[in-house]
Amino acid sequence: MPSRYEPLEFEAKWRKRWKAADLFRTREDPHRQKFYGLDFFPYPSGAGLSVGHLRNYIPTDVLCRMKHMQGRNVLHPMGWDAFGLPAENEAIAKKSHPAPMVREYAETYKRQEDLVGISYDWHRELNSSSPEFYRWTQWIFQLLYRKGLAYHGEYPANWCPKDKTVLANEEVEGGLCWRCGTRVEKRMLKQWFFKITAYAQRLLDDLEDLDWPEGIKQMQRNWIGRSEGVEFEWQVSRMELGAPKTEHNENAIVTHTEYMPVDGRSFRVFTTRIDTVYGATFCVLAPEHPLIDSIVPVHRHAEVADYIENAKRMSEQDRLATGRVKTGIFSGAFAKNPFTNEHVPIWIADYVLMGYGTGAIMAVPGHDERDHEFALKNELEIRQVIAPESMTAVELPFESEAGVLVSSGDFSGIACDEAQSRMGEWVESQGIGERKINYRLRDWLISRQRYWGSPIPVIHTEAGEIELVPEAELPVLLPDVDHYEPTETGESPLAAIPEFLNVTDSKGRPARRETDTMGGFACSSWYFLRFADPHNDEKAWDKKKADYWMPVDCYVGGAEHAVMHLLYARFWTKVLYDEGLVSCKEPFAVLRNQGMLLAPTPFREPRSNETIKVGEEGIQITYEEAQSLPEDQVFWRWEKMSKSKGNVVTPDEAVDKYGADALRVYELFEAPFSATIQWSDERVGGAINFLNRVFKLTDDFRENFEPNWRAALRSSSLSESELGLRQATHFAIRKITDDIETFAFNTAVSSLMEFRNSVADFAKHADNDRMESRSVMSEAVETLLLLLAPIAPHTSDEIWESYGFDGFTYQAEWPECDPRFLVKQTVTLVVQVNGKMRASFDAPAGLSPEDAEGIALEHERVLPFLEGKTVRKVIVVPDKIVNIVAN
RNA sequence: GCCCAGGUGGUGGAACGGUAGACACAGGGGACUUAAAAUCCCCCGGGGCAACCCAUGCGGGUUCGAUUCCCGCCCUGGGCACCA
């Protein structure tokens, strides 16, 4: 038994014992209340874990351990998001096969997680690339297909030329591939989609009841991008040849322009601001708009074709680049505004996107910034049709969120919101359109032209029809091959494997197997259900088991998955709910995002306007000063740990150097859970100090420990300091329980430190000849060990055993707070004069406001501040404060 | 530009609208020690001899009382970004 924190002497021993006792195995027990704590499904990379990853795993572990001690049946599993691009790319780079590679990497992750004492139940370990798992991923695919929620269609897909595969919209970040950063191109390809758009409204509505970070919910709302508006039709016309005609009447010359409808050609526009329709002075079609070919007059063909060709050549990123001047070209055709019967020019411009709404807009340069900019450049008419409520804003484009319609025919004088509904009704009554809700959300592109994913379990018949692979034949096994590099053609490498490709359809005719695989997000969209029943080879999961465990009570991971994984998983869960396969509408009741951990990172070339640190002491210099230093000067900045930056601290190193419990305490205590922290050896030292003090305290007291303190305390009369210790004990129980529950791990640790300090203070003056004294100390020490157990489990178990307790703290009962000890007999009342603290005095709790006021007004330290003043008012907050208002 | 989250000592950070700086780290002083480590005790936002005064990014407001609530700015981090 070490008398100080010597992790090398005991931590490994406890991990071994936990394993031998199979301590963390979850057993089904329908009679106990469950707790499902889950960390995001990681892809085990070759770099292994860094101490940064532990900011995710340690807090979840603390919560799960506490829940277990509180008597909950805890499910705390871990698995490997093994399929997908990162694994495959890494395997290609290493010229190996992803399957054994991922298994090896997963072993490292597992070993490292065990090393810091994470209480995972490895009996439920999952690997999404194992046939036992992806069999059911395929099964869910087929379910979606049968429900009409999976379809195969041609689409200008995001194509990453480096990874040689298509990407989902969510996987394109600022026009770049989210994995490799290569500029994404558009390619027309036949792809598989999941119809997530059919669930857009429910995905939006059900966010309301989730206990998730507000920022993440907001990001999902933005991504779904609901907007209410009106979609309606505009007839295409052309200017009559020879027009305009002028005509003389009695007192003026009138110019008439004749327009001819283009035989029934029309297009629809979507607008959220139908109230501005009288200000629509032109229309714009996206360059890809299918109508363009048939409306452009012959004399403009060449010029228009040239513009469209240019627009197509430009990458998505260039097209969307901020600050870019909007380009466009007049089509030569006109469109008739159904409200005004005016003919306005139709332009073609790439600031209108084919993928949203109808790919065509009515442009209102008077009230829309983008249209305004375009109109100025191309000298198009700008009209004001909304008068703001206050007449202050008269600059273009007009602010028009709230106001009254002007120059809008019969609708003039009506307020914007009122006009929106009336004009919507008018459109519907004319039969030219309808009110409509649009979503920015697109269908989820799931197919990948890559090897390392679950095969899509369908075949294509000669007739071009799609058949599902019979359920009994699932899974469609991914063939084990030596060469699986992606191709240039947009075809999966599986297409080059005849044994895989060539099959027969249900009627025995030759057919072709689908060779695309599913993107990795398919696996992570349902793995949390498989943990409920991981070894079932009859079904994806037993409904009773899933109903027992779901939803996840606490889901913890990084904020970077705000839209992709978290949206897809919600979608699948809703589909499964509709099918009656699960009883929860939402998979993750509570979501928390941990903060990052940054490490000092050396670099050579400073960026302008960054704070530059030189040397170990971190002297800060300016960018200019940095320029004058020699070229090989090394600077430091804080960066996320990554292998390529060479700043990784591994759990192995940290555990070896400081110990697992010190590492745990450090990461929990350093800052709030969701805050970014900066790795500091010095501060890990602080955690070691704390654990040492716990050892010292318990070591000093061991001989005097009273195992039967409960009975002894039942009928004893305590001294003031003994009562004080019991109060500190029960206050600590309540505070630390609440803090862990609410993810305030940093204050949980600081409260634990305070509690330990109180116990140590008591011990200093304790009279160990008194039974009462030994008993309250025993209660405090035992409680301290239990409260410490989820946070520093090795230390707790080590001391626990030395005190003669059987078993592990994990199996012990979480201490219960006795509210009688939360009530203080004596309180400190603060006296303020005009809101400034001037004095304080101790008083029995529950002192009447009158008495408190009396004492305060007579207080010697208060009197000088009242001199020459009249007391106007006295505010008394019982047991807290007396504020005297005087002037 | 829009949406989130923040801005508190030398540092990390605490604070149901009620004593700003808990708990720590670093630093300083002292005890023990031949010495060092460890441990223990004391000090530690700024100014002032003191009584006190100033201080939670800036400016207003609400309140008996504001780090906390409201309005307007400034800065930092993260996300989204021509979505009509």
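The structure presented is a predicted model; accordingly, all values stated were derived computationally and were not measured. In what follows, chains are A, B, ... by sequence order, proteins preceding strands, each numbered from 1. Side chains are part of it too, since the values below use all heavy atoms of this structure and drop only hydrogens, waters and symmetry mates.
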Check: If you find the nucleotide of RNA chain B closest to A:Met596 and the one closest to A:Gly215, which residue's nucleotide is nearer the 5' end?
Finding: A:Gly215
Note to self: In whole Å, measure the gap between the P atoms of B:U68 and B:C23 for me.
What the structure shows: 24 Å
Margin query: Under 4.0 Å from OP1 or OP2 of B:A84: is there any side-chain N or O of A:Ser227 that close?
Written below: yes
Notebook entry, point to check: With both distances kept under 3.5 Å, what pairs with B:C80, Watson-Crick or G-U wobble?
Noted result: B:G1
Next item on the list: I would like to know whether A:Glu667 and A:Phe745 meet side chain to side chain contact (heavy atoms under 4.5 Å, CB included); could you show each step before the answer?
Entry: CA-CA 9 Å; A:Glu667 294 211 9; A:Phe745 299 102; over 6 Å; no
Item checked: Given B:C54, B:G18, B:A84, the nucleotide with the shortest approach to the side chain of A:Thr272 -> B:A84
Margin query: A quick test of your reading: do over 12 heavy atoms of other residues, nucleotides or ligands sit less than 6.0 Å from CD of A:Glu860?
Written below: no
Check: Given the P atoms of B:U11 and B:C80, what is the spacing between them in whole Å?
Finding: 32 Å
Notebook entry, point to check: How many Å lie between CD on A:Glu670 and C1' on B:A24, as a whole number?
Noted result: 9 Å
Check: So does A:Lys873 get a side-chain nitrogen or oxygen closer than 4.0 Å to the phosphate oxygens (OP1/OP2) of B:C64?
Finding: yes
Margin query: Please report the distance separating the P of B:A35 from the corresponding atom of B:C43, rounded so that it comes out in whole Å.
Written below: 26 Å
Note to self: Give me the distance, rounded to whole Å, that separates B:C69 from B:G1 when you measure between the C1' atoms they each carry.
What the structure shows: 28 Å
Notebook entry, point to check: Think A:Lys326 forms a cation-pi with A:Tyr351, using NZ or CZ under 6.0 Å from the six-ring centre and within 45 degrees of its axis?
Noted result: yes
Item checked: Selection from B:A84, B:A20, B:A22 that lies nearest to any side-chain heavy atom of A:Leu353 -> B:A84
Item checked: C1' atoms of B:U62 and B:C70, separation to the nearest Å -> 7 Å
Item checked: Nearest-Å distance for atom pair CD/P, residues A:Gln220 and B:G78 -> 21 Å
Note to self: Check for me whether A:Arg838 meets the cation-pi criterion with A:Phe865, that is, NZ or CZ under 6.0 Å from the six-membered ring centre and within 45 degrees of the ring axis.
What the structure shows: yes
Next item on the list: Using whole Å, report how far CG of A:Asp700 lies from P of B:U39.
Entry: 13 Å
Notebook entry, point to check: Relative to the 5' end of RNA chain B, which residue comes earlier, A:Gln218 or A:Gly359, by the nucleotide with the nearest heavy atom?
Noted result: A:Gln218
Checklist line | Below 4.0 Å: OP1/OP2 of B:G12 and any side-chain N or O of A:Asn746 | finding: no
Check: Reckon A:Lys640 has a side-chain N or O less than 4.0 Å from the OP1 or OP2 of B:G78?
Finding: no
Check: Looking at the rings of A:Trp679 and A:Tyr666, which for Trp means the six-membered one, are their centres under 6.0 Å apart?
Finding: yes
Next item on the list: To the nearest Å, give me how far apart CD (A:Glu682) and P (B:G13) are.
Entry: 15 Å
Check: Which nucleotide in the list B:C54, B:C82, B:U19 gets nearest to the side chain of A:Thr828?
Finding: B:U19
Next item on the list: With C1' as the reference atom in both, quote the distance from B:G46 to B:U56 in angstrom, rounded to an integer.
Entry: 14 Å
Margin query: Counting neighbours of NZ on A:Lys217 that are heavy atoms of other residues, nucleotides or ligands and sit closer than 6.0 Å, is the number greater than 12?
Written below: yes
Notebook entry, point to check: Should B:C40 form a Watson-Crick or G-U wobble pair with both distances under 3.5 Å, which nucleotide is its partner?
Noted result: B:G30
Next item on the list: Determine the interatomic distance between C1' on B:A20 and the same-named atom on B:A55; round to the nearest Å.
Entry: 10 Å
Note to self: Distance criterion of 3.5 Å, no angle test: do you see the side chain of A:Gln678 paired donor-to-acceptor with the base of B:G12?
What the structure shows: no
Margin query: With a 4.0 Å limit, can you tell me whether A:Lys696 has a side-chain N or O closer than that to the phosphate oxygens OP1/OP2 of B:C40?
Written below: no
Next item on the list: May I ask which nucleotide in the shown strands pairs with B:U68, Watson-Crick or G-U wobble, both distances under 3.5 Å?
Entry: none
Notebook entry, point to check: Under 4.0 Å between a side-chain N or O of A:Tyr356 and OP1 or OP2 of B:A84?
Noted result: yes
Next item on the list: Report the nucleotide, chosen from B:G18, B:U39, B:A81, that has the shortest atom-to-atom distance to any side-chain atom of A:Ile875.
Entry: B:G18
Next item on the list: Determine which nucleotide pairs with B:G12, using a 3.5 Å limit on both distances of a Watson-Crick or G-U wobble pair.
Entry: B:C23
Checklist line | Contact under 4.0 Å: A:Arg683 side-chain N or O vs B:C23 OP1/OP2 | finding: no
Note to self: For B:U63 and A:Asn883 - does any side-chain N or O of the residue sit under 4.0 Å from the phosphate oxygens OP1/OP2?
What the structure shows: no
Margin query: With a 6.0 Å cut-off (strictly less than), is the heavy-atom count around NZ of A:Lys824, excluding the residue itself, greater than 12?
Written below: no
Check: When you compare B:C53 with B:G60, how far apart are their C1' atoms, in angstrom units rounded to a whole number?
Finding: 24 Å
Check: Can you tell me if the side-chain N/O atoms of A:Asn689 get under 4.0 Å from OP1 or OP2 in B:C25?
Finding: yes
